[in-house]
Amino acid sequence: MTGHEKAQGPQHKRDLTRRKVLAAGTGAVVAAGVGGTFAAGAFAGEETPAAGAKASGTSGETCYRLTSETTEGPYYIDADKLRRDVTEDQDGIPLMLRLKVIDADTCKPLADAAVDIWHCNALGVYSGYEAMGSGGGGGGGGGTPPSGAPTGSPTGAPTGSPPAGGGGHEEPTDDERYLRGTWRTDRKGEVAFRTVFPGWYQGRCVHIHTKVHVNGTWTAAGYEGGTTCHTGQLFFDEASVLATAEVEPYSTNTTARTTLDEDTIYPGNGTEGGLLKLKYKKGAIAKGVVATLTMGVDPEATQDGTGGG
């Protein structure tokens, strides 16, 4: 496990009793395509993710094992904005993320659950943690990696500037909140987010973080109370990541990339472990990607993000 994504310590255990989700203002920003322009028509029908098995990603899927729990990572920020379009002004390949949340025991959809997503931008930077690094120099909160091989017996943190986030939650360094958001599942347990394809940073493959909260209350201020029943990560296959690496601004990221197989967090068990099903036009990934996944969760469980690999 890298310093970026070590399991959180006891001080970061939490439920949602203090959760306050600020509703996003009017005038949602559309997803930015390459160069900051929106790929018109790339996501036709995104307001109705349940329309068609291909869109919902649920065709042929029945009751199955729980979706793997993974570490929360150091860059979670409570009180994310209540919104489906999390892009703000970030450049990158448009990504429509469609998730379906079900009770893994009964296969019934979980309606009115709160789903969080957060991830780095095309250059590996997390909002709220811009001071931690950029894609070209450690990326996504990576900081400057230790130089040289360690000498002698390990005595704790390596010398030099260690990767940020080693061992626990990092407090935000700025007020940016792009590529973060929370939205409610509909009666079919489905929720859709408009974002951009994530980039990569030192020590991690390309991924999106997610949480599912249940038994809370939706108010004018957002979502309050309840418990977190799932903390996980969503992953991308190598073919798609290699395709994005040919497109700006991803192609300008000089950070060494960790592959899916090399990653120490991905459980290696396909969709059960969070591997997304992707749909895009071969040779034209820059026009946009649709990613889908059904997540089986235990609504009675409490997952604080300290477990999992």
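Under the 3.5 Å distance criterion, the side-chain polar atoms of Thr173 are matched with a main-chain donor or acceptor of Gly128. Proximity of a side-chain donor or acceptor of Gln233 to a complementary backbone N or O of Thr71 within less than 3.5 Å is detected. Not one N or O on the side chain of Tyr201 forms a donor-acceptor pair closer than 3.5 Å with the backbone of Cys205. At least one donor-acceptor pair under 3.5 Å links the side chain of Tyr129 to the backbone N or O of Glu170.
Residue Gln303 holds its CD atom at 10.0 Å from OG1 of Thr70, rounded to the nearest 0.5 Å. Here the straight-line distance linking atom CZ of Phe193 with atom CE of Met96 works out to 10.5 Å at 0.5 Å rounding. Remark: Tyr75 OH to Met132 CE distance equals 6.0 Å, nearest 0.5 Å. Atoms CH2 and CZ, from Trp183 and Arg83 in turn, are 11.5 Å apart once rounded to the nearest 0.5 Å. Residue Asn215 holds its CG atom at 12.0 Å from NE2 of His213, rounded to the nearest 0.5 Å. A distance of 8.5 Å separates CG of Leu99 from OG1 of Thr292, quoted to the nearest 0.5 Å.
A heavy-atom distance below 4.5 Å is found between the side chains of Lys100 and Lys188. Taking 4.5 Å as the limit, some side-chain heavy atom of Trp118 sits within range of a side-chain heavy atom of Glu72. Residues Asn269 and Ser68 are in side-chain contact: their nearest non-hydrogen atoms beyond the backbone lie under 4.5 Å apart. Side-chain contact check for Trp218 versus Leu82: some heavy-atom pair is nearer than 4.5 Å. Taking the side chain as every heavy atom from C-beta outward, Thr185 and Val212 never approach each other to under 4.5 Å. Side-chain atoms of Tyr126 and Arg180, non-hydrogen and from C-beta on, do get closer than 4.5 Å to each other. Considering only heavy atoms from C-beta on, Thr210 comes within 4.5 Å of Met295 through its side chain. With contacts defined as side-chain heavy-atom distances shorter than 4.5 Å, the pair Leu234/Leu97 qualifies.
Remark: Thr231 pairs with Lys211 by the side chain to side chain donor-acceptor pair (under 3.5 Å) rule, at least two apart or across chains. For Asp112, the side chain to side chain donor-acceptor pair (under 3.5 Å) partners two or more places apart in sequence, or in a different chain, are Arg184.
Heavy-atom minimum distance, Ser127 versus Ile77: O-CD1, 4.1 Å. Nearest approach of Ile208 to Pro198, heavy atoms of both residues: CG1-CG, 3.6 Å. Shortest non-hydrogen contact noted between Ala104 and Leu66 is CB-CD2, 3.6 Å. For the pair Gly199 and Val206, the tightest heavy-atom approach, listed with the atom from each and the gap, is O-CG2, 3.6 Å. Taking both residues in full, the closest heavy atoms of Glu246 and Ser251 are given as C-CB, 4.2 Å, listed atom of the first, atom of the second, then distance. Nearest approach of Thr294 to Thr67, heavy atoms of both residues: O-OG1, 4.1 Å.
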Taking it one step at a time, do Leu179 and Val196 satisfy side-chain contact (heavy atoms from CB on, under 4.5 Å)? CA-CA 8 Å; Leu179 307 181; Val196 299; 3.9 Å; yes

Full working for side-chain contact (heavy atoms from CB on, under 4.5 Å) between Ile285 and Thr244: CA-CA 7 Å; Ile285 197 171; Thr244 66; 3.7 Å; yes

In sequence, state the C-alpha distance, the side-chain angles, and the governing distance for Asp116 and Tyr76, and then conclude on side-chain contact (heavy atoms from CB on, under 4.5 Å). CA-CA 10 Å; Asp116 296 333; Tyr76 176 62; 3.0 Å; yes

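Sorted by first and then second residue, the salt bridge (charged side-chain N to carboxylate O under 4.0 Å, His left out) pairs with a member in residues 251-270 read Arg204-Asp263, Glu238-Arg257; sequence neighbours excluded.
The aromatic rings of His207 and Phe235 sit tilted relative to each other, their planes meeting at an angle between 30° and 60°.
For His119 and Phe197, the ring centers sit 6.0 Å or farther from each other.
Results of the side chain to side chain donor-acceptor pair (under 3.5 Å) test with Tyr178 over Glu130, Gln90, Lys81 single out Glu130 as the only residue that passes.
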